[in-house]
Structure formats: structure tokens, C-alpha cells
Amino acid sequence: MAAFFDRFEIVGELPAASTKPVVTYRLIEDLQDTYPVPDLDYLAYFGRGLDREQAVRIQNARVGLVVDIAYPMPMSVDGMKAANLTLLEIAEATGGVIWDSETRELFTPDSWQANRVAPWDGDLPILEKHTVIHAYQHAGGVRAISLGMAKFGLPDIVVNDFSWSLNRSMGNLINLVAQSFLEGQFPQEDGTLGISINELADTRYKQELVASLGINAQRDVVIQTGKGVREEGDPYNYIVELLFHDQEGRHSSEIQTNLLSSLFGWEDQVAYVQHNAMITAASESARQKLDGLKADFNAGLAPGEFILLKAPFDIPEGGAEWMWVEVLSWDDDAISGLLKNEPVNIPDLKGGSEVTVMQQDIFDFIRHYADGTSEGNETGELILKYQN
């Protein structure tokens, strides 16, 4: 076994401070007692490359190799690369799978190769491939935190109190900050952190991020940070919280939306349509489902699931602008939520504003599920077809 670790110095136990890459390892034959294998429900979400047959088979695993690796901070990137290669070689030679205790994922060798060995661009890793983000309902909002940054000697990152519809954008922000940390951009003494997409190294990560930006993306922002408060289940690591102080907006959701839209850009399609019989019929079909949606919402949606409703908002000069609202509460006929579009003809409203609409005025809905699928928007294709 020692031959696998020729990239490291083998030591009896890890030192308090490492001056060179070192490793300890031990074979254990009571795996289920010492490091129980995650159950099938867990592996359905965090088993990478495992099919169900493999997941069932490893439930009875008895033997495991525990590997602990340390390296000095200036060698963290090279040390992590060597560690990933070493673990791949062991897994391939033994027919084993690899558990990453920092990100809490289980990999087949092929999946480890694809996700942990391949995602390097020259000397730089694509950090989002080496970390994960856990997002969950927390204190009335959503909390998202990274796991795995400690492998590179970097702090993990947390964002508190946002809505599920911002989950993808918040994940993009966390990954951007993580990559910026890796490339040497850290908060100043007063907690301010300057983030610039343009100043990132020209890796595949940057190229793919730039390709995804809206046409009006500013690509840089200054954001306030603070020391994150560790909660149960968080990584055992220093945590940096991304705050939204000193940003434009009247409340947290509007502030968050403004920052994300400014950084990554946004594109809203404006359609001018005279409602015809087909659109009206599609809207009525959608409206027939609103009572069921209300019942499901008030019974409690699954984590990651949210509902958007299309409602009219009065234009000062007359008429209405129809926009999507993410539901936060649904009491009788009154629905409170967050505006998900940037208004074109209503100066007093902004994307992310807290608004109240009435169920009787709802025109359509979209129900987004945690797996990324959705249903609804029954009028959408017709509006695009008949727009002026």
C-alpha cells in the first residue's frame, strides 16, 4: 500500500503544522462500526456515478482505507491535485469507491476522475467541481453554504435569508467568490470584497461564466462580508458570510436581486399582446388549478420547490403590466410575494420588491420542483405566438 503514496512522506500522525506534503493511512475491517456507509436515500442525492445496484452492494462493505493528508498552505493546490490522483489510483487498483469527508459525497472511480481529477485548467482547479453547496429552508428564508473549501486552505462561504427562486443565482455567486478566493482575492480589513469576473484567470470556468452572462452584466461588484456563524451540519472551517449591506434596495430581497442582476446581468422579454379567445381559455385552465396550488403551498412545499404567479400591476399612465411573483404567503384571496421581473413601465417597483396580489386577478402560474422540472405557464407559448 505504501507504494501508492510516493507523492507524500508517510508519517505516524499528522503534525500540528505541516512543512511538506505528508500522509497517514490505516486499514480498518469494521467499517460499519467506525465509518457507517451512507444509506440508499442519502446516496440517491450524494452518490456520484453510483447506480442503485452499486449503492445496495456497498451497504455491506466491511473494509475501508482511511487516508489523511496534510500540506502547507502555499502548496495547497499542488497538494490537492496529488491527493486526488493518489485516491483515484487506489480506487482503480482495489475496485473501491471514494468518500470525500469534506463534501460528504461518495464517488465511483470514473466519477472521481471526471469531477476531481479532470477539472483543472493548467495549474488552477475549477473550484466548483471540488466543492458542493447545501441549500435548505432556514428561519423563514433559505440558507446556502459551501462545503469543501478547507481542502484548499480557504474559508467556506454562506449566504442567509434569500428565496428559493434565487437559489441558482446565489449558487453562482458563492462559486464566483470561491474561485476569487482561490485566485487570491480576499476581503479587506473592513470586510469589503471586490469581485471581478474580468480579472479571473482565463480558465474554462471563466469562459463558461462569461458565456452565461446577460447582455447588461456589469461583471464586478463590491460586497460586504462578515464572519459567518457556524450551525449544526456546517463544515468545521472558518466561514465567511456574504452580506448585502450598502447595496441599493428597500429590503433584503430587492437588494439581493439588484446585486445579482447587476453582477450577472438579466434579460426580461416584454410582450405586447391583445388577449384572444385561445389565451383567455388557457388562462382560465390555469386559474382552475389555483385552489390546489394554494392548498399545497399552505401544507408545505418540498425544499427547493416554489410557485410563481402572473399578476397585473397598474401602469401610472393607464393599463397593466403583467409580471411574475414568487409566493411567500397565501391567505384566503391575498397573496404576498416577491416580484421576479424588472418592471418596464412602473418606476416605483423593482425586481425583488415585496408585493401583494389577489388570487382573483392571477392569470397563470409556474410551479418549480426541486429536481429542476416545472409545470404551468399554460399561456406562455400562446403569448409568444400572438405578441405584437
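- Every residue was checked against the salt bridge (charged side-chain N to carboxylate O under 4.0 Å, His left out) condition with Lys206, not counting sequence neighbours, and none meets it.
- Checked against ring-ring contact (aromatic ring centres under 6.0 Å, His included), Trp120 has the following partners two or more places apart in sequence or in another chain: His130.
- Partners of Glu326 under the salt bridge (charged side-chain N to carboxylate O under 4.0 Å, His left out) rule, at least two apart in sequence or in another chain, are Lys340.
- By the salt bridge (charged side-chain N to carboxylate O under 4.0 Å, His left out) test, Arg168 is found to be paired with no residue, residues two or more places apart in sequence or in another chain being considered.
- Under the salt bridge (Lys or Arg N to Asp or Glu O under 4.0 Å) criterion, no residue pair touches residues 125-139, with sequence neighbours excluded.
- Within the structure, the ring-ring contact (aromatic ring centres under 6.0 Å, His included) test picks out the following pairs touching residues 181-203 (sequence neighbours left out): Phe181-Phe186.
- Within the structure, salt bridge (Lys or Arg N to Asp or Glu O under 4.0 Å) pairs that include any residue of residues 211-230 do not occur (at least two apart or interchain).
- Partners of Phe4 under the ring-ring contact (aromatic ring centres under 6.0 Å, His included) rule, at least two apart in sequence or in another chain, do not exist in this structure.
- The list of side chain to side chain donor-acceptor pair (under 3.5 Å) pairs with a residue in residues 39-50, not counting sequence neighbours, reads Arg48-Glu105.
- Contacts classified as salt bridge (Lys or Arg N to Asp or Glu O under 4.0 Å) and involving residues 189-202 (residues at least two apart or in different chains) are not found.
- Residue pairs satisfying the salt bridge (Lys or Arg N to Asp or Glu O under 4.0 Å) criterion with at least one member in residues 63-77, sequence neighbours excluded, are absent.
- Sorted by first and then second residue, the side chain to side chain donor-acceptor pair (under 3.5 Å) pairs involving residues 49-63 (not counting sequence neighbours) form an empty list.
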